[in-house]
Amino acid sequence: MSPKILRKTNFGNPILREVSRTLTSDEIISADIQTLIGDMRHTTAKKQYGVGLAAPQVGVAVALSVIAIKPTPSRPDSMEFDQVIINPEVIEGIGSRIGMWEGCISFGSGEDTPYAKALRYKKVRVRYLDERAVLHEEVLEGLPAHVFQHEVDHLNGILFVDRVRDSKTYITIGEYKKRYAKKPKK
Ligand SMILES: [Zn+2]
C-alpha cells in the first residue's frame, strides 16, 4: 500500500495537550506503527511541513515523531538529522536556555502563522528509540537539538507557546522571513 497524506490536528484540539503513550519494541516493529511512520514521513515531505512532525499532530497520541533536517539553501551548514524518534527524552540540557525563533504547523501553515522566541537549550543530551526499536543516546546541538526539544514537548502535551517567555516577540512567519531570516549564501 502506498503511503497516504494524514490530516493535521490544529491548536485547540485536546489531543495536542495529552501526554502520548510510549511504545513497546513489539509495537514499534508492528505493521500499524510502521505504516504510521511511512505516512508521517510522506505527509511531512508532500505538505512541506518543515522539519518535524509529532504523531499527535496527525491525531495519534503515541510518543513518536519524525524529524527531517537536511541542508537547504537557507541553512547550508546545518547538521543532518533525518530520524524517527520514539519515546524520546531530553536527559540533560547543556548550558542555559536562550530565546530561539520557532513556530509550529499546528498553529497554521501560511505566511500569517505565529512565530516567536521560545526558550531552548542549544545543546542537549537525548535518548530515543528508532523505527527498528534500537536505542540511541547522543548529544545534539544546533537545529537538531532545537527541533528535538520541540518534538519531545509535543509528546508531553506542551506547545511552543508555553515556552515563549516574552510575548512581545510574537510576529507572523511572513514578517520573520522579511526581517530576520538568513538570506541564502550565493
Ligand atoms: Zn510543533
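Whatever order the structure lists ligands and atoms in, that order sets their numbers, starting from 1.
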Worksheet entry | With sequence neighbours excluded, residues passing ring-ring contact (aromatic ring centres under 6.0 Å, His included) with Phe11 | Phe107
Item to complete: Please list, chain by chain and in numerical order, all residues satisfying side-chain hydrogen bond (donor to acceptor under 3.5 Å, both in side chains) with Asp162, sequence neighbours excluded.
Response: Arg17
Worksheet item: If we ignore angles and hydrogens, is there a donor and acceptor under 3.5 Å between the side chains of Ser106 and Gln57?
Response: yes
Response to the item:
Report for the Zn ion (ligand 1), protein N, O or S closer than 2.8 Å, by chain and number, lists Cys104 SG, His150 NE2, His154 NE2
Practice prompt. Indicate, with yes or no, if the rings of His150 and His154 have centres closer together than 6.0 Å.
Written response: yes
Would you give me the side-chain donor-acceptor pairs under 3.5 Å for residues 134-143, sequence neighbours excluded?
| from | atom 1 | to | atom 2 | distance (Å) |
| --- | --- | --- | --- | --- |
| His136 | NE2 | Asp130 | OD2 | 2.9 |
| Glu138 | OE2 | Tyr128 | OH | 2.6 |

Worksheet item: Any sub-3.5 Å donor-acceptor pair from Glu175's side-chain atoms to Tyr170's backbone N or O?
Response: no
